[in-house]
Amino acid sequence: MERDTDGFFTGPPPESAKPPAPEEKKEEETPNPEAEKSPSDLIKSTFDVYVTLADQQQDPNSPLFSAKTFEELGLHENLLKGIFALGFTKPSKIQERALPLLLRDPPQNMIGQSQSGTGKTAAFVLTMLSRIDFSKNKTQAICLAPSRELARQIMTVINTMGKFTEVQTEYGIKDHLPRDATKITAHIVVGTPGTMTDLIRRRVIDVSELKVFVLDEADNMLDQDGLGDQTLRVKNMLPKRDDLQIVLFSATFPENVRQFAKKIAPNANMIELKQNELSLDSIRQFYMDCDSEERKYDILVSLYHLLTVGQSIIFCQASCSLCRHLRRSLKPPSQHRSTADRISQRMTAEGHKVASLHGAKDAHERDTIIDRFREGKEKVLITTNVVARGIDILQVNMVVNYDLPLLTERDRKASAGDAQPDIETYIHRIGRTGRFGRKGISINFVHNDKTWRQMQAIEHATGKKITCIKTDDIDRMEEELKKHLK
Ligand SMILES: Nc1ncnc2c1ncn2[C@@H]1O[C@H](COP(=O)(O)OP(=O)(O)OP(=O)(O)O)[C@@H](O)[C@H]1O
């Protein structure tokens with residue numbers, strides 16, 4: 001593989017990184033390449049959408065399948081008030097195309113893909129809210145998400161958008177309900193698949209009148225390496241009615257999961273924002289050659305000032321290299337502290353203010369940490385993949401991949417070589433910045449041949465340039481990075 005003068009790996013991206021080939025009848029809109037990328041671009045028609053209707057008799061070019069305003073969707077005025085309370089004036093591109101299809105009667109399944117931060121949540125939340133019969137105290141919509149943090153975020157959107165309605169909501173997440181809870185009658189239940197399975201199996205939730213089943217981050221939720229088994233258990237306990245609307249959304253849909261998704265949501269309308277990668281374009285990607293594992297920590301600390309200009313998220317592996325390094329360097333060694341904790345412990349000891357969040361923390365602690373970060377009380381969050389997906393905090397303008405995301409042990413064995421980068425997780429991680437077209441930067445740390453090759457594979461697969469930033473001149477480094485946030 002050749003590098004050009006900017007350090008960009010040249011050559012065509014592999015098949016897996018190319019836009020999905022149109023399967024059936026597709027519609028394409030004309031992009032406007034001159035348009036500047038800004039939040040409003042998600043509202044203007046500046047990028048392409050593929051729509052594949054389940055019913056090929058219908059004309060996808062019909063204005064019936066596109067809504068330029070929320071008003072024309074025929075929503076109850078209380079829902080419209082909720083939308084405006086969120087500060088939305090017009091549908092985003094994905095909402096414009098997805099909402100008319102999602103809200104139509106009879107209900108139809110939907111598989112929707114669009115880049116991170118383009119407004120998928122509002123699309124499925126509005127669908128759930130608009131289908132509830134508020135006069136019935138029965139659960140009518142269930143939404144599953146891969147983490148409690150994301151479930152809580154979705155709930156906030158439901159409660160804000162639904163605040164002028166009589167909607168009742170409940171969580172299906174760990175340690176939220178008393179163990180002896182016997183009945184949930186809330187209209188909408190949002191949770192994670194394990195807890196939701198338990199609640200439905202024990203008949204705490206009665207699903208007999210369910211109308212909508214939503215999987216956010218659906219590729220992860222259906223992937224056998226992710227939460228696939230648990231999600232299927234939930235799905236198999238739901239009524240097998242044709243009018244149960246199944247809605248799957250994600251920023252990524254690798255081919256193997258895409259096929260499975262079509263089985264889970266049969267005859268679904270498909271909506272894909274064409275992969276001209278608007279979101280990735282608003283995120284400038286960099287890498288830093290850190291020379292050695294040990295230097296990674298020093299470079300992270302030297303970035304601290306910049307990390308706190310806005311807010312930032314630092315991703316490391318669950319058993320991350322920094323933590324292994326810190327475990328060795330901390331005296332006395334802290335045996336029971338896990339991963340991201342050790343980073344924050346050392347940075348805190350050196351006078352920096354950081355928070356850490358990972359799956360080993362208890363539920364209450366996790367809630368407090370993410371809430372504090374969301375409120376801007378902490379500026380730097382050191383974490384694992386637990387918040388890689390879906391978390392929407394507009395002030396996050398920097399993401400650092402301290403450790404690059406890698407595929408699981410199983411995939412690694414299958415490829416029988418070095419660990420391969422996990423491209424989907426990479427896309428989701430950097431998508432924590434640059435929300436709704438805002439500017440953001442991501443920095444990847446590499447320190448040896450192996451990590452270099454992993455980054456090369458990411459650059460190749462995403463087809464996006466990752467620019468080198470020199471680490472020997474901190475002032476220049478800061479200046480250069482700041483330039484991209486302006
Ligand atoms: N029509 C709209 N007008 C203005 N802002 C919007 C609109 N729709 C969504 N947003 C805002 O855009 C941000 C990103 O939306 P959202 O979290 O739904 O993205 P997403 O596509 O689900 O991202 P991810 O793939 O990371 O889960 C949110 O802060 C949301 O409030």
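Just so it is clear, the structure is predicted and the values come from calculations on it, not from any experiment. Whatever order the structure lists ligands and atoms in, that order sets their numbers, starting from 1. Count residues from 1 along the sequence.
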With a 4.0 Å cut-off, would you call R148 and D367 a salt bridge?
yes
Listed by chain and number, what are the salt bridge (charged side-chain N to carboxylate O under 4.0 Å, His left out) partners of R366, not counting sequence neighbours?
E149
Just which atoms of ligand 1 are under 4.0 Å from any heavy atom in S92?
1 (N)
Counting from 1 in the order shown, the ligand 1 atoms closer than 4.0 Å to a non-hydrogen atom of R432 are 26 (O)
CG of L244 to CD of Q140, rounded to nearest 0.5 Å, is 12.0 Å
Sub-4.0 Å atoms of ligand 1 with respect to non-hydrogen atoms of T118
19 (O), 20 (P), 21 (O)
Salt-bridge present (K464, E459; N to O < 4.0 Å):
no
Would K296 count as a cation-pi partner of F445, with NZ or CZ less than 6.0 Å from the six-membered ring centre and within 45° of the ring normal?
no
E166: which residues meet the side-chain contact (heavy atoms from CB on, under 4.5 Å) condition with it, sequence neighbours left out?
F134
Given A145, G117, P91, which one has a non-hydrogen atom that is nearest to atom 20 (P) of ligand 1?
G117
Could you list the atoms of ligand 1 found under 4.0 angstrom from a heavy atom of E217?
27 (O)
Which is closest to atom 14 (C) of ligand 1 by heavy-atom distance: D392, V157, I427?
D392
Sub-3.5 Å N/O-N/O distance, Q95 and ligand 1:
yes
Calculate, to the nearest 0.5 Å, the distance between atoms OH and CG belonging to Y426 and N444 respectively.
4.0 Å
Any idea which of R435, R438, H428 brings a heavy atom closest to atom 26 (O) of ligand 1?
R435
For ligand 1, which is the ligand I care about here, please tell me if K120 has any N or O atom under 3.5 Å from one of the ligand's N or O atoms.
yes
Heavy atoms only, cut-off 4.0 Å: how does L394 contact ligand 1, side chain, backbone, both, or neither?
side chain
Hey, which atoms in ligand 1 end up nearer than 4.0 Å to a heavy atom of K90?
1 (N), 2 (C), 3 (N)
Ignoring angles and geometry beyond distance, decide whether T121 reaches within less than 3.5 Å of ligand 1 through its nitrogen or oxygen atoms.
yes
For side-chain contact (heavy atoms from CB on, under 4.5 Å), just list the numbers for E96 and K68, CA-CA rounded to whole Å, side-chain angles, deciding distance to a tenth of an Å, and then say yes or no.
CA-CA 6 Å; E96 175 186 320; K68 296 281 179 210; 2.9 Å; yes
Just wondering, are more than 12 heavy atoms of other shown residues or ligands nearer than 6.0 Å to CG in N256?
yes
Nitrogen or oxygen of Q153 less than 3.5 angstrom from that of ligand 1:
no
